[in-house]
Amino acid sequence: MEPREKRLRIAVQSKGRLAEASLQLIEQTGLRFRRGKDDLLLRVEDAPIDVLRVRDDDIANFVAKGVCDLGIVGRNALEEARLTDRIDAPDVIAELGFGRCALKIAVPENVEYGGLRDLEGARIASSHPGILRRYLDEKGVRAEIVEMSGSVEVAPRLHIATAICDLVSTGATLDANGLRAVETVLDSEAVLVQGGWPLNDRLLEVRARFLTRVDGVLASRGSKYIMMNAPESALDEIAEILPGAEAPTVVPLAGRPGAVAVHAVCKESVFWETLERLKRAGASSILLVPIEKMMI
Ligand code: PRT
Ligand code: ZN
């Protein structure tokens, strides 16, 4: 086995909501590894990188303590680890656009709620006591927090608490348990974090290359390439319609004076309505294609 400092370590969730999307992101940067279902450590084939698969609750700690160099974790778990384990939180270097959810306070549907003051003296069950405590302190609300690591939504029915504070994505769990969200404590999504531990020159380069590629993957995910033909006179109007496009490429069309081909990268969503507006402005043969890779 090579000494630890010869390979970069990236921590990801082993099983759960972030697991698949995290591995996919790493694969899209061009790294290849064999995925054994229960492997705790995936060795990248042609780069000195290991992917460590752990519980999401451990990721922030591992990166903070230098056990891993990078990690993919929910902002909620990162923030909770910072507040309850009092770690020096690793830096967030990218928001990854998956694992979106929000930490919310919810009360039973049949209970009246007129604002935060109604939580004064309440007992709130939560999977994120550190974040909830900070929120309540900031708002000047004194309430008791009952820490629960799972099934928080059953707490009111079991008379463990009168309110809950848990992660919500679709809201179906709240509905199914007769609860309604009344306050948003934190918006969250998966983030890429980096620790501050020193690396040798080679690994610094490996990390920099990986991070550049992650930027490229994220940029290409949100972008599309659009192509069309148009009369030159419509160029200003077309440039205004194109969402998030900088400096389109304009090329004259052979044998068609006054007509051009317009190519552009759109960094925002392109809807059918956008294409219809382009057509009304005079564009034709409009093609919208996904971008596979992008280096920025
Ligand atoms: O085993 P390990 O400790 O790694 O996994 P875990 O069970 O602690 O975590 P997991 O896989 O449930 O969640 C990992 C991360 O996914 C969280 O830290 C969040 O950053 C993110 N995430 C996104 C969510 C949700 N959406 C989510 N909906 N985490 C949990 N939930 C739960 C929530 O707790 C509630 O029970 O889903 C239920 C609510 O979902 P809806 O869709 O009914 O609103
Ligand atoms: Zn967990």
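Atoms within a ligand are numbered from 1 in the order they appear, just like the ligands themselves.
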Got more than 12 heavy atoms from elsewhere within 6.0 Å of [atom1], [X]?
| X | atom1 | result |
| --- | --- | --- |
| E45 | CD | yes |
| R209 | CZ | no |
| D236 | CG | no |
| E138 | CD | yes |
| E20 | CD | yes |
| R35 | CZ | yes |

Check ligand 1 against [X] and write out every atom of the ligand that is under 4.0 Å from a heavy-atom position of the residue.
| X | value |
| --- | --- |
| A172 | 43 (O), 44 (O) |
| G74 | 20 (O) |
| L18 | 15 (C), 16 (O) |
| T170 | 41 (P), 42 (O), 43 (O), 44 (O) |
| G16 | 11 (O) |
| V168 | 44 (O) |

d(L242 CG, C266 SG) to nearest 0.5 Å is 5.0 Å
Q) Going by distance alone, is a donor N or O of one side chain under 3.5 Å from an acceptor N or O of the other, for Q28 and R213? A) no
Could you work out, for [atom], the closest of [options] by heavy-atom distance?
| atom | options | answer |
| --- | --- | --- |
| atom 3 (O) of ligand 1 | E153, R55, H128 | R55 |
| atom 9 (O) of ligand 1 | Q13, E80, R100, K15 | Q13 |
| atom 38 (C) of ligand 1 | I164, N76, T173 | T173 |

- [ ] Just do the side chain to side chain donor-acceptor pair (under 3.5 Å) check on S127 and D166 with the steps written out, would you?
- [x] CA-CA 6 Å; S127 51; D166 196 15; 3.0 Å; yes
Which of T184, L103, L174 passes side-chain contact (heavy atoms from CB on, under 4.5 Å) with V168? Answer is L174
Salt bridge between [X] and [Y], side-chain N to carboxylate O under 4.0 Å?
| X | Y | value |
| --- | --- | --- |
| R7 | D50 | yes |
| K139 | E183 | no |
| E144 | R123 | yes |

Nearest non-hydrogen protein atom, [atom]:
| atom | value |
| --- | --- |
| atom 28 (N) of ligand 1 | S169 OG, 3.0 Å |
| atom 26 (N) of ligand 1 | C101 CB, 3.4 Å |
| atom 25 (C) of ligand 1 | R17 CD, 3.4 Å |
| atom 36 (O) of ligand 1 | D166 OD2, 3.8 Å |
| atom 14 (C) of ligand 1 | D56 OD2, 3.4 Å |
| atom 35 (C) of ligand 1 | L167 O, 3.6 Å |

**Request:** Determine, counting only non-hydrogen atoms of the protein, whether one lies under 4.0 angstrom from atom 7 (O) of ligand 1.
**Result:** no
**Message:** Determine whether a donor-acceptor pair (N or O, by modelled atom type, separation under 3.5 Å) exists between the side chain of Q13 and the backbone of K15.
**Reply:** yes
Check the pair R134, E79 against side chain to side chain contact (heavy atoms under 4.5 Å, CB included), reporting the backbone distance first and the verdict last. CA-CA 11 Å; R134 182 184 59 183; E79 203 51 18; 2.7 Å; yes
Under 2.8 Å from the Zn ion (ligand 2), the protein N, O or S atoms found are D56 OD1, D57 OD1
Compute the shortest N/O to N/O distance between S188 and ligand 1 and return yes if it is under 3.5 Å, no if not.
no
Quick look: V152 vs ligand 1, heavy-atom contacts under 4.0 Å, and the answer is neither
